[in-house]
Number of protein chains: 2
Amino acid sequence: MVDILHKAGIKSSSLDDAYKALTTREGLSGWWTTDTRGDSKVGGVLQFRFGAGGFDMEVLELHPAKRVLWQVIDGPQEWIGTTVSFELRQEGDWTLVFFKHEGWKEPVEFMHHCSTKWAVFLLSLKSLLETGKGAPAPNDIKLDSWE
Amino acid sequence: MVDILHKAGIKSSSLDDAYKALTTREGLSGWWTTDTRGDSKVGGVLQFRFGAGGFDMEVLELHPAKRVLWQVIDGPQEWIGTTVSFELRQEGDWTLVFFKHEGWKEPVEFMHHCSTKWAVFLLSLKSLLETGKGAPAPNDIKLDSWE
């Protein structure tokens, strides 16, 4: 098992703003992909669509201003069954987002790609919360020809 | 043992340009930190300095247009003994950079930070090679108050 781990610090004093960006369609479509559908409630399914495909996430946990946990139920084979979590913590003027995409079976090349790409989107989340403008797909930074 | 893995695709047809950016002081100071010193030769030591500290890397392998391997010999305790490698591969119009920072003992919070921060710098490398302008420290994206 190998994991993708990230931490992004956002200059913000509002854990609630970060939590909203992770748990509403409007928020998610502002930093990850403009084509976000579904229900962000425990037991609900969120659908994230991109030019090259997409992911369906079942929402497993929602702890306001604190933690979000999803499990991938549809998408690329390597993603199915993996979990994606966001933990929030305020430190002074910074909202810290601890991100984990856990449960990869092997450190395949696609995992390397997804690791960098998650960072691209976490920087988009940071930009959304700091400036009001993110860079969600399809306006994200492309890292490969097939994107 | 846990690893930081990334893949960044650069719109470029020159593996040599990417290799130079990873193996010359001028190149390294164009995307990682402007304060880069030392000798990029096998057995040599490169010194990378930042506001909050820095890293000394012994150059273990240099394979032109293909692979670079460093080992950390000084810096934060968690980094010492870990290895950093870059593998290059051309695919059509894209130069792919496979990055690994291997040998972390534990997935500490600092590792989460470094994972995202490596992506920030790989995007700076991408920008340097695609546009001629990177965003090396001290002009990098800051992810925490202590940076």
Side-chain angles (χ1 to χ4, degrees), chain A residues 1-13 52 78 85-104 106-127 129-131 134-135 140-147, chain B residues 1-13 52 78 85-104 106-127 129-131 134-135 140-147:
Chain A
M1 291 287 209
V2 281
D3 304 327
I4 296 171
L5 307 174
H6 284 296
K7 183 189 109 183
I10 296 158
K11 276 192 191 168
S12 164
S13 57
E78 297 93 332
S85 65
F86 303 85
E87 299 237 2
L88 304 175
R89 193 168 81 216
Q90 192 68 31
E91 281 193 8
D93 298 334
W94 293 72
T95 295
L96 305 182
V97 181
F98 292 88
F99 170 90
K100 299 183 207 293
H101 185 176
E102 297 177 285
W104 289 77
E106 300 288 340
V108 292
E109 288 192 359
F110 184 48
M111 183 194 163
H112 292 63
H113 171 86
C114 294
S115 174
T116 317
K117 200 75 204 202
W118 274 121
V120 165
F121 288 117
L122 289 167
L123 294 172
S124 168
L125 171 66
K126 174 179 170 73
S127 176
L129 293 170
E130 291 181 353
T131 73
D140 52 325
I141 298 172
K142 306 300 184 194
L143 298 178
D144 208 318
S145 58
W146 44 260
E147 281 201 85
Chain B
M1 290 289 210
V2 283
D3 305 326
I4 295 171
L5 306 174
H6 285 296
K7 183 188 108 183
I10 295 160
K11 276 193 191 167
S12 164
S13 57
E78 297 92 333
S85 66
F86 303 85
E87 300 238 1
L88 304 175
R89 194 168 81 217
Q90 192 67 32
E91 280 193 8
D93 298 333
W94 293 72
T95 295
L96 304 182
V97 181
F98 292 90
F99 170 90
K100 298 183 208 292
H101 185 176
E102 297 177 286
W104 289 78
E106 300 288 340
V108 290
E109 288 191 0
F110 184 47
M111 183 194 162
H112 292 63
H113 172 85
C114 293
S115 174
T116 316
K117 200 75 205 204
W118 274 122
V120 165
F121 287 117
L122 289 167
L123 295 172
S124 169
L125 171 65
K126 175 179 169 74
S127 177
L129 293 169
E130 290 181 354
T131 72
D140 52 325
I141 298 172
K142 307 300 184 195
L143 298 178
D144 208 317
S145 58
W146 44 260
E147 282 202 83

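In what follows, every heavy atom counts, from backbone to side chain, and hydrogens, waters and symmetry copies are set aside. In the text below, chain A, chain B and the rest are named by the order of the sequence lines, each starting its count at 1.
- Ring planes of A:His113 and A:Trp146: tilted class, angle from 30 to 60°.
- By number of non-hydrogen pairs under 4.5 angstrom with chain B, the leading residue of A:Ala119, A:Ser115, A:Gly92 is A:Ser115.
- Taking a cutoff of 4.0 Å between a charged side-chain nitrogen and a carboxylate oxygen, A:Lys142 and A:Asp140 qualify as a salt bridge.
- Pairs engaging residues 89-98 of chain B under the salt bridge (charged side-chain N to carboxylate O under 4.0 Å, His left out) rule: A:Glu109-B:Arg89, B:Arg89-B:Glu91 [sequence neighbours left out].
- Residue A:Lys11 does not touch chain B at all, counting heavy-atom pairs closer than 4.5 Å.
- When heavy atoms are compared at a cutoff of 4.5 Å, B:Phe110 does not approach chain A at all.
- Looking only at side-chain heavy atoms (C-beta outward), B:Ser85 and B:Phe98 stay at 4.5 Å or farther from each other.
- Two rings, from A:His6 and B:Trp118, have their centers 6.0 Å or more apart.
- Contacts from residues 120-127 of chain A to chain B, taken as heavy-atom pairs separated by less than 4.5 Å, involve A:Val120, A:Leu123, A:Lys126 in sequence order.
- At least one side-chain heavy atom of A:Cys114 sits less than 4.5 Å from a side-chain heavy atom of A:Trp104.
- Using a 4.5 Å heavy-atom cutoff, the side chains of B:Met111 and B:Val2 are in contact.
- Note: B:Leu88 CG to B:Ile10 CD1 = 8.0 Å, rounded to the nearest 0.5 Å.
- Taking A:Lys117, A:Lys100, A:Glu147, A:Lys7 one by one and counting their heavy-atom pairs under 4.5 Å with chain B, the maximum is reached by A:Lys7.
- Ranking B:Leu143, B:Ile4, B:Leu96 against chain A, the residue ahead of the rest is B:Leu143, based on heavy-atom pairs under 4.5 Å.
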